[in-house]
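What follows is a short report on a single structure.
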Amino acid sequence: MADDTDDAAPSFRLADPAIVSRTMADVAERGQRIVTDFLRRQAEGPTAATEQPADPFNIGSAFLEMTARLMTNPARLVQAQLGFWQDYLTLWQNTARRIMGDATAPVIAEDPKDKRFKDDAWQENEVFDFIRQSYLLSARFFRTVVEDKEGLDTKTAQKIDFYTRQFVDAMSPTNFLLTNPEVLRRTAETGGENLLKGLSNLLADLERGKGKLRIRMTDDTKFRVGENIAVTPGKVVFQNDLMQLLQYAPTTAKVLKRPLLILPPWINKYYILDLRPKNSFIRWAVEQGHTVFVCSWVNPDERHAEKEFVDYMREGPYAALAAIERATGEKSVNAIGYCLGGTLLAATLAHMAAKRDTRIKSATFFTSMLDFEESGELGVFIDEEQLQALEEKMESRGYLEGRDMATTFNMLRANDLIWSFVVNNYLLGQEPFPFDLLYWNDDSTRMPAKMHSFYLRRMYQQNDLVKPGGIELDGVKLDLRKIKLPAYILSTREDHIAPWKSTYRATQLFKGPTRFVLAASGHIAGVVNPPESGKYSHWVGAELPPEAEAWFHGATELAGSWWPDWQRWILTQDRAEVPARQPGDGGLVPIEDAPGAYVKVTACD
């Protein structure tokens with residue numbers, strides 16, 4: 001009998017005293033440093049309370065307005081509550097029947113894409129199944145209530161919906177020790193060592209953020225820019241205050257006569273297109289016979305506070321075109337703009353059209369917003385109150401801190417980019433997995449104050465870029481409808497940053513031959529999708545009707561990467577070839593090896 005009892009006992013052991021002692025000593029030491037640093041910063045400058053308003057996102061007024069609207073029609077709220085309690089009663093009854101051994105159908109099921117409830121205990125254990133379904137019912141109730149936005153303006157309704165989902169995601173039972181079966185199991189197996197390790201990880205992240213929580217998403221010790229990521233061979237052949245121009249070494253005997261210029265976003269670093277050899281678009285483009293040039297933007301600081309959007313045009317594409325001509329003797333180029341780089345490319349093309357400058361012969365846009373009328377969830381952060389608070393914050397430093405921008409983007413996918421790491425790092429006490437994409441995501445960049453204010457106000461808030469003459473750069477009123485060169489527009493179906501139906505609107509702006517391609521997945525994975533991976537399909541369609549949905553219904557889905565489709569399109573523009581060009585062969589003397597110095601400057605430097 002004693003043996004049977006032992007077999008039935010839960011697998012729980014006491015923590016190793018040596019580990020507990022070391023961890024607690026580490027916790028005490030880290031805690032003292034964090035408190036000391038916090039007190040020092042409070043003595044040196046204004047407190048956080050005086051730096052920002054109490055409601056920096058202006059959430060309170062939005063929910064207050066929604067509540068007032070709900071109270072004008074209480075019947076809808078009562079109906080939602082009755083439905084919730086009926087479902088909840090059914091859940092109680094089903095749980096009781098399950099405990100008695102009866103099979104029952106679930107009252108509610110999570111989205112199949114929801115990874116939070118993948119542990120078998122959420123389905124197999126009656127208690128955890130009840131907790132899971134109870135949470136899902138509550139989440140649905142909250143969403144149902146806020147969906148009643150009758151009488152609210154679009155921005156307020158969008159803000160209410162976004163922050164309700166943030167609250168619902170934060171309250172998931174997976175995020176708490178006592179309601180997460182995987183964490184409870186790990187705690188029993190390790191005697192609580194996972195929680196001690198998690199506490200140490202939490203304090204380490206507070207140290208990294210200098211008192212603010214900066215969650216570590218990957219093992220950043222495993223990556224070095226220029227050593228195992230951003231390693232495609234090349235040289236820095238030109239530089240100015242805002243960018244270094246990289247020219248990559250050829251791998252083919254002949255190359256296309258027309259060079260390729262890539263304008264990445266300066267919200268992030270360019271090496272998203274050159275992570276590892278196996279998923280590097282830059283390396284792949286070189287292998288296809290392109291002479292590739294890339295703008296590697298500076299990570300700005302207070303010295304760049306006065307840089308404006310027009311400076312990025314002058315010192316970015318215009319400076320690059322002049323440098324490429326010196327390096328290769330070619331005036332004509334193909335150009336790619338990614339995200340904000342695509343917005344800059346469109347603005348530059350409109351500027352060039354007014355000047356009758358035809359050096360860019362074809363333009364490719366990766367997930368680029370030009371018409372910001374429906375800007376997606378990023379629009380939640382763009383209203384007058386938030387912009388004023390942000391501008392006051394930038395004015396004191398001359399730039400937007402990189403972590404502020406990163407936090408905004410992470411909130412768009414909170415379950416994947418925030419809460420999953422809270423569970424992994426702090427509750428399970430595990431080290432994050434080394435992942436090149438997340439290393440890049442954490443390598444944040446700053447934004448010059450004047451440029452960022454212009455971008456948010458004139459494009460996101462006022463949507464001036466799409467208006468003929470709405471924006472003037474260097475004395476030229478821009479009109480995107482004057483762009484008549486061939487254009488290839490790539491969007492991604494699950495893009496949270498540049499919604500594909502919004503990016504599709506560019507097809508109705510340009511007057512030249514345009515090809516629109518929709519890739520599966522999101523803003524990054526849909527773009528960085530090499531053919532060898534065999535992942536993610538893409539859709540193509542010859543016709544470009546006014547509405548995005550009409551295009552999609554007439555489009556054809558093709559398996560695999562869109563990269564070969566783009567290469568075939570590029571070759572239809574000009575197939576002429578010349579002997580391969582080495583960096584330094586022309587009129588520019590290489591400055592240093594790629595990836596150069598600018599990309600290695602971190603937001604913490």
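On a predicted model such as this, the values are computed, not experimentally measured, just so you know.
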Side chains of [X] and [Y] only: does a donor on one sit below 3.5 Å from an acceptor on the other?
X	Y	answer
Tyr271	Asp443	yes
Asn299	Thr445	no
Ser362	Gln573	no
Gln388	Glu392	no
Gln582	Asp585	no

Is there a side-chain contact between [X] and [Y], using heavy atoms and a 4.5 Å cut-off?
X	Y	result
Glu384	Arg457	yes
Gln247	Thr291	yes
Met451	Tyr399	no
Val236	Tyr598	no
Leu378	Phe409	yes
Val466	Arg481	yes
Met459	Thr343	yes
Ile215	Asn410	no

- Query: Should Asn240 and Leu245 be marked as a side-chain contact (heavy atoms from CB on, under 4.5 Å) after you check the CA-CA gap, both sets of side-chain angles, and the distance that decides it?
  - Reply: CA-CA 9 Å; Asn240 55 33; Leu245 186 66; over 6 Å; no
- Query: Is the side chain of Thr218 donor-acceptor paired with the backbone N or O of Phe435 at a distance under 3.5 Å, no angle test?
  - Reply: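 At least one qualifying donor-acceptor pair exists.
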- Query: Between Trp500 and Tyr504, how do the two ring planes meet: parallel, tilted or perpendicular, split at 30° and 60°?
  - Reply: perpendicular
- Message: In terms of relative ring orientation, are Tyr318 and His351 parallel, tilted or perpendicular, with 30° and 60° separating the classes?
- Response: perpendicular
Is it true that [X] and [Y] make a salt bridge, defined as a side-chain N closer than 4.0 Å to a carboxylate O?
X	Y	answer
Arg397	Asp404	yes
Arg403	Asp442	yes
Arg314	Asp474	yes
Glu330	Arg258	no
Asp241	Arg303	no

- Message: Can you confirm whether or not the ring centre of Trp297 sits under 6.0 Å from the ring centre of Tyr312?
- Response: yes
- Query: Around Lys484, counting heavy atoms of other residues, nucleotides and ligands shown, do more than 12 lie under 6.0 Å from its NZ?
  - Reply: no
- Of Phe454, Tyr455, Phe381, which meets ring-ring contact (aromatic ring centres under 6.0 Å, His included) against Tyr460? Tyr455
- Check each of Phe281, Tyr488, Trp566 against Phe366 using the ring-ring contact (aromatic ring centres under 6.0 Å, His included) test, and report the only one that passes. Phe281
